[in-house]
Amino acid sequence: MRIRWDGGRVWDSGLGDFMEASVAFDTETGEIVAVGHPSAIRAEEVRSIRGLCVLPGFVDVHVHLRDPGLTHKETLASGLQAAAAGGFTQVACMPNTKPPIARVEIVEDIIRRGEAIGKAEVHPIACLTVDQEGEALTDYQALAKAGALGFSDDGRGVQDGGLMREALTKLAALGEPAMIHAEDESISRGGALHEQAAARLGTTAQPGSAEAAMIARDILLAEETGAHLHVCHVSREASAALVRFGKRRGIRVTAEVTPHHLLLSERDIQSADANWKVNPPLASEEDRRACLAAFADGTLDVIATDHAPHHPDEKAKGMDEAPFGMVGLETAFALLYTGLVREGHVPMRRLVEAMSERPCRLFGLEGGQIRPGARADLVLVDLGRRWTIDPGAFYTKGRNTPFAGQSVVGKVIETIRAGRAIFREGEERLS
């Protein structure tokens, strides 16, 4: 069946702006049929979306869905519904599950169950090293064939430089990306917060050089091996500068930045509430501004939420003992639209590029654009709707966010994946 949305504004990637147009998509083929004047578009069902905007579906290449094995934090169902509620049509889930995503059958199981759930599409990221232990490499060829989108030991950096060089050599031959959690543990030593916040709150510190040192090492290894190196959650000025250096040398390095590292700094942490504890830690205001500048100019390619749900009892253990991470799938677009676009720090076209177009292009995924023949991955948003972030209303099982109570603008109304609705505002939680 063909469905046509009339009366709204539709994102045009070529213009880098919205245009007054209708958009039609086919629920059977999963493709966008036409974009233009409604009189020229035949459809069996017509719906008015006056006052609303249509964007290409968002893509998050870095989430933690905790399934298998950690379903007290999140299930595949709750995580993929949360993604759809946030406007995400595709997400890539990191491998620090129990057991870790290091075997073909786990990759296949996640893809199969995700498809049965019928919400956002899930792309497993498999381990760089067996069970993230940093001692032996996984079978990249078999895991990629099973459907792994990339390879990472996220949550841990690969500490052995020689092993990382071997990993990049093999991944370069296969054309698969290495997605690195950049942390030299001999420097970080398990520190919880940025140095200034740690001194203020009397907890352990993590020097910023722990991130930058590993990025420098792996950029040089990527140059030597020709591999695609993707740097996860960049947080420091030095790290952004290293990514820029790599790009200028023609090294195949890409990078992501989170909403929280663009919007928050260590000075926002006023109490020992572990909902502020993330890895890498919230950095200085100077680092935040440097990351924002690097995002604005495209050095930091994409937005990734690093959605990391935890049980409230775990976050209640305090700064030193609580696990790192905060949830982000349901708040990312509104926070960034409110804090960056409406405040004039970046244009809307850069946000759409980073949340939709570029992740598809970098990782070979369908979607990312609204044009005839493209996959009908769409998100319907009300850019005038103001709402308050309420963790109790989340679809994710996680409630760990420092943004609770914040007023934001920009509400996801409906999300379409391959022509089928996977979220409508107000829908009930999956069991």
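The distance from atom NE2 of His181 to atom CD of Glu211, rounded to the nearest 0.5 Å, is 8.5 Å. A distance of 5.5 Å separates CD1 in Ile389 from CD in Gln406, rounded to the nearest 0.5 Å. Atom OG of Ser235 is separated from atom CG of Leu262 by 11.0 Å, given to the nearest 0.5 angstrom. Here the CZ-CD1 distance, from Phe151 to Ile180, works out to 16.0 Å after rounding to the nearest 0.5 Å. The distance from the CG atom of Leu282 to the NE2 atom of His261 is 5.5 Å, given to the nearest 0.5 Å. Taking CG from Asp26 and CD1 from Ile32, the interatomic distance works out to 11.5 Å, rounded to the nearest 0.5 Å.
When atom types are taken as modelled, the side chain of Asp12 and the backbone of Asp17 share no donor-acceptor pair closer than 3.5 angstrom. Put simply, the side chain of Glu330 gets close to the backbone of Tyr395: a donor and an acceptor are under 3.5 Å apart. Side-chain atoms of Thr396 do not come within 3.5 Å of backbone N or O of Ala82 as any donor-acceptor pair. Not one N or O on the side chain of Lys411 forms a donor-acceptor pair closer than 3.5 Å with the backbone of Val381. Lys397 contributes no side-chain N or O that, together with a main-chain N or O of Lys73, makes up a donor-acceptor pair within less than 3.5 Å. At distances below 3.5 Å, at least one donor-acceptor pair connects side-chain atoms of Thr138 with backbone N or O atoms of Cys127. For Asp382 (side chain) and Ile413 (main-chain N/O), no donor-acceptor pair under 3.5 Å exists by modelled atom type. Judged by distance alone, with hydrogens and angles left aside, the side-chain atoms of Lys277 form a donor-acceptor pair with the main-chain N or O of Met319 at under 3.5 Å.
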Next item on the list: Show your working on side-chain contact (heavy atoms from CB on, under 4.5 Å) between Val379 and Phe423 and close with a plain yes or no.
Entry: CA-CA 9 Å; Val379 55; Phe423 172 78; over 6 Å; no
Margin query: Run the salt bridge (Lys or Arg N to Asp or Glu O under 4.0 Å) test on Glu285 and Arg288 for me, step by step, so that the C-alpha distance in whole Å, both residues' side-chain angles and the decisive distance to 0.1 Å come before the verdict.
Written below: CA-CA 5 Å; Glu285 179 63 12; Arg288 185 194 70 81; 2.7 Å; yes
Margin query: Please determine whether salt bridge (Lys or Arg N to Asp or Glu O under 4.0 Å) holds for the pair Asp67 and Arg113, giving the CA-CA distance in whole Å, both sets of side-chain angles, and the decisive distance to 0.1 Å.
Written below: CA-CA 11 Å; Asp67 191 345; Arg113 288 193 292 128; 3.1 Å; yes
Next item on the list: For the pair Leu221 and Glu224, evaluate side-chain contact (heavy atoms from CB on, under 4.5 Å) and give the outcome as yes or no after the intermediate values.
Entry: CA-CA 5 Å; Leu221 292 176; Glu224 192 171 69; 4.2 Å; yes
Next item on the list: Given side-chain contact (heavy atoms from CB on, under 4.5 Å), test Glu256 with His62 step by step and report yes or no.
Entry: CA-CA 9 Å; Glu256 67 192 38; His62 187 151; 2.6 Å; yes
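Of all heavy-atom pairs spanning Ala178 and Leu128, the tightest one is CB-CD2, 4.4 Å. Scanning all heavy atoms of the two residues, the minimum distance from Lys247 to Thr254 falls at NZ-CA, 4.2 Å. Annotation for Cys232 and Met94: closest pair SG-CE, 4.2 Å, computed over non-hydrogen atoms. The heavy-atom pair separating Val104 from Ala146 by the smallest distance is CG1-CB, 3.8 Å. In this structure, Leu242 and Ile219 approach most closely via the heavy-atom pair O-CD1, 3.2 Å. Contact between Gly392 and Arg399 at its shortest, heavy atoms only, is CA-NE, 4.0 Å.
Using bins of under 30°, 30° to 60° and over 60° for the plane-to-plane angle, the ring pair Phe58/Phe88 lands in the perpendicular bin. In this pair, His228 and His230 present their aromatic rings perpendicular. The plane angle is above 60°, beyond the 30 to 60° band. Taking the six-membered ring for Trp and thresholds of 30 and 60 degrees, Trp5 and Phe25 have ring planes more than 60 degrees apart, a perpendicular arrangement.
Side-chain contact between Leu149 and Gln90 is absent, with no heavy atoms from C-beta onward closer than 4.5 Å. Taking the side chain as every heavy atom from C-beta outward, Pro68 and Pro99 approach each other to under 4.5 Å. Proximity of Val408 to Phe403: side-chain heavy atoms (C-beta onward) are nowhere separated by under 4.5 Å.
Looking at Arg349 and Glu353, no side-chain N of the basic residue comes within less than 4.0 Å of a carboxylate O on the acidic one, giving no salt bridge. No salt bridge links Arg217 with Asp184; every basic N to acidic carboxylate O contact stays at or beyond 4.0 Å.
Counted within 6.0 Å of CD on Glu115, heavy atoms from surrounding residues, nucleotides or ligands total 12 or fewer; the atom is thus considered open. Under a cut-off of 6.0 angstrom, the local environment of NZ in Lys170 is sparse, with at most 12 non-hydrogen atoms contributed by other residues, nucleotides or ligands. In this structure, Gln141 places its CD atom where only 12 or fewer heavy-atom neighbours from other residues, nucleotides or ligands lie under 6.0 Å away. Other residues, nucleotides and ligands contribute over 12 non-hydrogen atoms within 6.0 Å of the CZ atom of Arg358.
There is a side-chain donor-acceptor pair under 3.5 Å between Ser78 and Glu74. Between the side chains of His307 and Asp60, not a single donor N or O lies within less than 3.5 Å of an accepting N or O. Between the side chains of His310 and Arg66, at least one donor N or O sits under 3.5 Å from an acceptor N or O. Residues Asp273 and Ser271 bring no donor and acceptor atom of their side chains to less than 3.5 Å of each other. Residues Gln81 and Glu427 have side chains that bring a donor and an acceptor to within less than 3.5 angstrom of each other.
For the salt bridge (charged side-chain N to carboxylate O under 4.0 Å, His left out) with Glu223, the lone residue among Arg248, Arg252, Arg249 that qualifies is Arg249.
Aromatic rings from His123 and Phe363 are positioned such that their centres are separated by 6.0 Å or more.
Partners of Trp276 by ring pair (Phe, Tyr, Trp, His ring centres under 6.0 Å), not counting sequence neighbours: none found.
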Donor-acceptor pairs are to be reported for all side-chain atoms of residues 187-195 against protein atoms at under 3.5 Å, with residues two or more places apart or in another chain.
residue: Ser188; atom: OG; partner: Glu183; partner atom: OE2; Å: 2.7
residue: Arg189; atom: NE; partner: Ser186; partner atom: O; Å: 3.3
residue: His194; atom: ND1; partner: Gln196; partner atom: N; Å: 3.0
residue: Glu195; atom: OE1; partner: Arg236; partner atom: NH2; Å: 3.4

